[in-house]
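Notes follow the structure.
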Protein chains: 2
Amino acid sequence: MDRSEFDLDRFTPYLLNRVAGRIVTAFEADLAAQDVSLGQWRVLASVWHEGELMQTEISRHTSIDTSTLSRMLAGMEKRGLLKREKSHEDSRAVLVRLTAKGKKITETLIPQAMAVEAAAQEGLAPGDVAKLHSLLRRIYANLT
Amino acid sequence: MDRSEFDLDRFTPYLLNRVAGRIVTAFEADLAAQDVSLGQWRVLASVWHEGELMQTEISRHTSIDTSTLSRMLAGMEKRGLLKREKSHEDSRAVLVRLTAKGKKITETLIPQAMAVEAAAQEGLAPGDVAKLHSLLRRIYANLT
DNA sequence: TTGCTTTTGTTGCAAATGCAACTATCATGG
DNA sequence: CCATGATAGTTGCATTTGCAACAAAAGCAA
């Protein structure tokens, strides 16, 4: 097989992964300042955004395995970032909600995350961000 | 803070991560068929593409920590996928090269990876892929 | 109702991960 | 040349991860 037939620099998954890695790196200091791991941040952002979520839904939003999530949420609850309580409609399910402390930390991190996003998108032409989002959503849908 | 000020569905890092996760999922069966982990695939693809790489360079390409990589490469070498030999120019460095077996497995996976990419990009207008790559490269450069 | 399947969440356990500490080598400034 | 700092790689060790196996609850079909 010839090398030119597979150029990593034109391979979408590679480019995506590379960018995602850089974004994480750029955000790591902010996370560390709040003593929050990347996974925990994703949980906080998801629950903050949705208001209330079952663990399975968090898992789908964050791609974190449910077993990992179970233990991660236990730790976050012990630390007082969120609380878990059994759902009334489905007594298998556990509903996760942020505490005031969890909200506060999340709302500290959100503007910092948006600053990283802004830095990442600096210099893009008007409409480029919308185009990027549109393409990413289409790709996501294609793989569903 | 108002919920509308931070919409995950318009947050670039979230969209990127979501897409990356789907791509990985779509490729997992192919990887499992070769008994290759995601990290190992990234190593194989990088070394195949470059021909020969130092471990540090592999780490930069794949975002895999050097300590993890050290052990991962040892395992891959034991399995016969690659070989490591000391560099002559810099005797600290270890040069990694694929064996015939490693090349063969990689060249089995490459077309499968490209098929996943093609499925992901299905229905995109002409020029959209180039536009996507261009945006991703710009974002990457912004965070360097 | 009963039996079978699916879904939600937790835990055991082995493997993977990543930070520190360390060695060895190279680069640079006096 | 030597001294200092930077870089490449490995290993120790504690934590994290994720696959299996499991329990409990819900859904569904007959």
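Computed from a prediction, not measured in an experiment: that's the story for all the values here. Below, all heavy atoms of this structure are taken into account, side chains as well, without hydrogens, waters or symmetry copies. So that the names make sense, note that chain A is the first sequence line, chain B the second, and so on, each numbered from 1.
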Legend entry - Position toward the 5' end of DNA chain D (nearest nucleotide), S67(A) or H88(A): S67(A)
Inset, instruction - Find the distance K86(B):NZ to dC26(C):C1' and express it as a whole number of Å. - result: 13 Å
Inset, instruction - Would you mind reading off the bend of the helix from dT1(C)-dA30(D) to dG30(C)-dC1(D) from its two end axes, five pairs each, to 10 degrees? - result: 40°
Legend entry - Ring geometry between F6(B) and F11(B) (parallel below 30°, tilted from 30 to 60°, perpendicular above 60°): perpendicular
Inset, instruction - Could you check how far CG of D65(A) sits from C1' of dT7(C), rounded to whole Å? - result: 15 Å
Inset, instruction - Could you state the atom-to-atom distance from CG of L53(A) to P of dT8(C) in whole Å? - result: 13 Å
Legend entry - Presence of R84(A) side-chain N/O under 4.0 Å of dT8(C) phosphate oxygens OP1/OP2: no
Inset, instruction - Name the closest nucleotide to the S91(A) side chain, picking from dA8(D), dA25(D), dT17(C). - result: dA25(D)
Legend entry - Ionic contact status for D128(A) with R138(B), cut-off 4.0 Å: no
Legend entry - Backbone N/O of S87(A) and side chain of S91(A): donor-acceptor pair under 3.5 Å: no
Inset, instruction - Remember a base hit wins even if backbone is also touched, and classify T56(B) as base, sugar-phosphate or nothing at under 4.0 Å, heavy atoms. - result: sugar-phosphate
Inset, instruction - Over 60° means perpendicular and under 30° means parallel, so classify the ring planes of Y14(A) and H61(B), tilted if in between. - result: tilted
Inset, instruction - Select one nucleotide: of dT25(C), dG9(D), dA20(C), the one nearest the side-chain heavy atoms of R92(B). - result: dT25(C)
Inset, instruction - May I ask you to evaluate whether Q55(A) reaches the phosphate of dT10(C), defined as a side-chain N or O under 4.0 Å from OP1 or OP2? - result: yes
Legend entry - Nearest-nucleotide pick for M54(B), side chain only, options being dT11(C), dG9(D), dT11(D): dG9(D)
Legend entry - Spacing between E57(B) atom CD and dA8(D) atom C1', to the nearest angstrom: 11 Å
Inset, instruction - Apply the salt bridge (Lys or Arg N to Asp or Glu O under 4.0 Å) test between E77(A) and each candidate in R84(A), K101(A), K83(A); give the one that qualifies. - result: R84(A)
Inset, instruction - Let me know the distance between CG of L31(B) and P of dC19(D), rounded to the nearest Å. - result: 13 Å
Inset, instruction - Starting at atom CE of M72(B), determine the distance to atom P of dG18(C), rounded to an integer number of angstrom. - result: 9 Å
Inset, instruction - Give the nucleotide from the list dG18(D), dT17(C), dA26(D) with an atom nearest to the side chain of T68(A). - result: dG18(D)
Inset, instruction - Go through dT17(D), dT8(C), dG18(C) for me and flag the one nearest to the D90(A) side chain. - result: dT8(C)
Legend entry - K86(A), R92(A), H88(A) screened by side-chain hydrogen bond (donor to acceptor under 3.5 Å, both in side chains) with D90(A), the one that passes: R92(A)
Inset, instruction - Please state how far atom CD in Q40(B) lies from atom P in dA15(C), giving the value in whole angstrom units. - result: 14 Å
Legend entry - Between CG on residue L44(A) and OG1 on residue T62(A), distance to nearest 0.5 Å: 11.0 Å
Inset, instruction - Please report, rounded to the nearest Å, how far the P atom of dG12(C) is from the CZ atom of R71(A). - result: 9 Å
